[in-house]
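So the structure is just underneath, and the comments pick up after that.
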Protein chains: 2
Amino acid sequence: MAGRASSKTSESSDKVSVICRALRRAIIEQALEPGAKLPEDALGERFGVSRTIARHALGQLAAEGLVELRRNRIAVVATPSWQEARDAFDIRIELERLVVRQLAGKLSKSQIAELNAHVDAEDRARGGTDAVSIRLATEFHILLAHMTNSPILVRYVSEVAYRCCLTLSLYSRPHSTECAINEHRAIIAALARGDEAKVMELMHHHLDSVATRALVAPAPQRGRDLLDILAPYADEVTSDRVVKLPKVARRG
Amino acid sequence: MAGRASSKTSESSDKVSVICRALRRAIIEQALEPGAKLPEDALGERFGVSRTIARHALGQLAAEGLVELRRNRIAVVATPSWQEARDAFDIRIELERLVVRQLAGKLSKSQIAELNAHVDAEDRARGGTDAVSIRLATEFHILLAHMTNSPILVRYVSEVAYRCCLTLSLYSRPHSTECAINEHRAIIAALARGDEAKVMELMHHHLDSVATRALVAPAPQRGRDLLDILAPYADEVTSDRVVKLPKVARRG
DNA sequence: GGGCCCCAAACTGCATGCAATTGGAGCGAT
DNA sequence: ATCGCTCCAATTGCATGCAGTTTGGGGCCC
């Protein structure tokens, strides 16, 4: 049951994809912290490919929001703002409610077993590092998405889950993984019972609690970019080199 | 108010992005039909860049699901299956409900005016081609997403809307755009009133009706890939060269 | 006439090379 | 010491070249 085939679009199993996967994993396991530099040369050398390939991989990851690409500058691991992190979680909640809505009562016994096995693995990993726990928890959600057999849903859930993973490494306090594991079990149970409303509520609460527990302080601004902080003030500066921000409603 | 700045991630305003935008537009306006071939050489020559750049652009569009990349084969405009189209609409409904939920009662007068102006433009374009009408309707939704000021939400709504746009060209009958325009006006009104529940319901109904109206026949299979059509039959073929499908629950 | 094979053209996968840009070290002036 | 300037190594942006793969069509045999 391992090795689910990737969708025909993107991830063509060539060298670019290999590097993408490696970097993605390094990022979500926090081996590469937000803000870490990713020079094309270094990547190419490390993975034994040319700069062209490394560059292409960075482009893909940028499209996923995991790295930031600035013209003529070294690419860096993305450093989402607190608001972006919250936005990502909001989107994730809706997407994953959709996942469990589609899955409720539709899972085979072997699929339930697979889910339980994954949570068991999460349980066993409790003694390990936070990074591994977070990765496993994320993969549980992606596993669920895979079971919808909707490539689009898989892609979006994966992406947004990775982004959330990334933000956890920025804003999270050392959080307990136990309750998350219990919530995973509860979700599996509700899915098996086919209790659509309940499982949607469970998923909603699960993600929301992870988000609110993790995204505590509105402004730790650890590695935050000065440019972000000063952006609101730039309006009053009269220079055509200042980045123009579109005027928009910032919801509460 | 035009020229909303693109997010710092992806769309770096270099040559690759230019080509991406051009192709994206060509695809959603059906100048390039699903299945159309996109050789790197031809693209490069057409846009006055090298194959490297054209290739990179194709990679980005593949990540968005607008083109399909097969190893050692010419890239083609994506040809989503009917099920994928339905999945895209389901996701879109959830995302856009989130958009209007965040926006209800939070829009400034000038933003309301901008939305109305856009719908006016849709109205004026009723006499034109279907392609333009569809593009404008799509851009209305993307305009809404922009107003949330959430780059992530903008990206996902844009992507999924483009994908839906693409599927419309595959499975849609010549549909009337009038009711869609009226529904857009109703949504604006509900947003201005700040009626959150109502606007979510309106958006849901709007998209759902577009989807069900458009995705009528489960199998028009115009330019559909034989491989997709025959996939269910491949199970009975005993050969290790047959593409293995993971066994999953296909929800009703 | 129809099926098969083989080969050339077309195309992709990837590496390398060159020009342009950046950012930071070094250094002198304040 | 701090600021500002200059210059060079590091790095990106992009084009080109080469090798391997796919395509499709002509010729050959049945």
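These figures come from a predicted structure and were not determined experimentally.
- Set against D:dT23, C:dA15, D:dT16, the side chain of B:S50 has D:dT16 as its closest nucleotide.
- Of all heavy-atom pairs between A:H118 and A:F140, the closest is NE2-N, 3.4 Å.
- As rounded to whole Å, 9 Å separates atom P of C:dT12 from atom CG of B:L43.
- Heavy atoms only, all atoms of each residue included: B:R92 and B:C164 are closest at NH1-CB, 3.5 Å.
- A side-chain contact (heavy atoms from CB on, under 4.5 Å) with B:V154 is found for one member of B:M147, B:E159, B:H146 and no other, namely B:H146.
- For B:N72, counting side-chain heavy atoms from C-beta on, the closest listed nucleotide (C:dA15, D:dC14, C:dG13) is C:dG13.
- Taking only side-chain atoms of A:K15, from C-beta outward, the nucleotide of D:dG13, D:dT23, C:dA15 with the closest atom is C:dA15.
- In this structure, the nucleotide among D:dG17, D:dG24, D:dT12 sitting nearest to the side chain of B:K37 is D:dG24.
- Listed nucleotides D:dT12, D:dG13, C:dT22 differ in distance to A:R73; the shortest reach to its side chain belongs to C:dT22.
- Between the NE2 atom of A:H56 and the P atom of D:dC14 there is a distance of 14 Å, rounded to whole Å.
- Following rounding to the nearest Å, B:R51 (CZ) and C:dG13 (P) show an atom-to-atom distance of 8 Å.
- Separating the CG atom of B:D14 from the P atom of D:dA15 is a distance of 11 Å, rounded to the nearest angstrom.
- Rounded to an integer number of Å, the gap from CD of B:E40 to C1' of D:dC14 is 15 Å.
- In this structure, A:R71 places its CZ atom 9 Å from P of C:dT22, rounding to the nearest Å.
- Closest heavy-atom contact between A:A78 and A:G65: CB-O, 3.4 Å.
- Counting to the nearest Å, the P atom of D:dT22 and the CD1 atom of B:I74 are 13 Å from each other.
- Two residues, B:A75 and A:T52, neighbour DNA chain C, and the one matched to the more 5' nucleotide by heavy-atom proximity is B:A75.
- Closest approach of B:P34 to B:V77, counting heavy atoms only: CA-CG1, 3.7 Å.
- Both A:G48 and B:D41 sit near DNA chain C, but only B:D41 has its closest nucleotide nearer the 5' end.
- Atom CD1 in B:I53 sits roughly 14 Å away from atom C1' in C:dC14 (whole-Å rounding).
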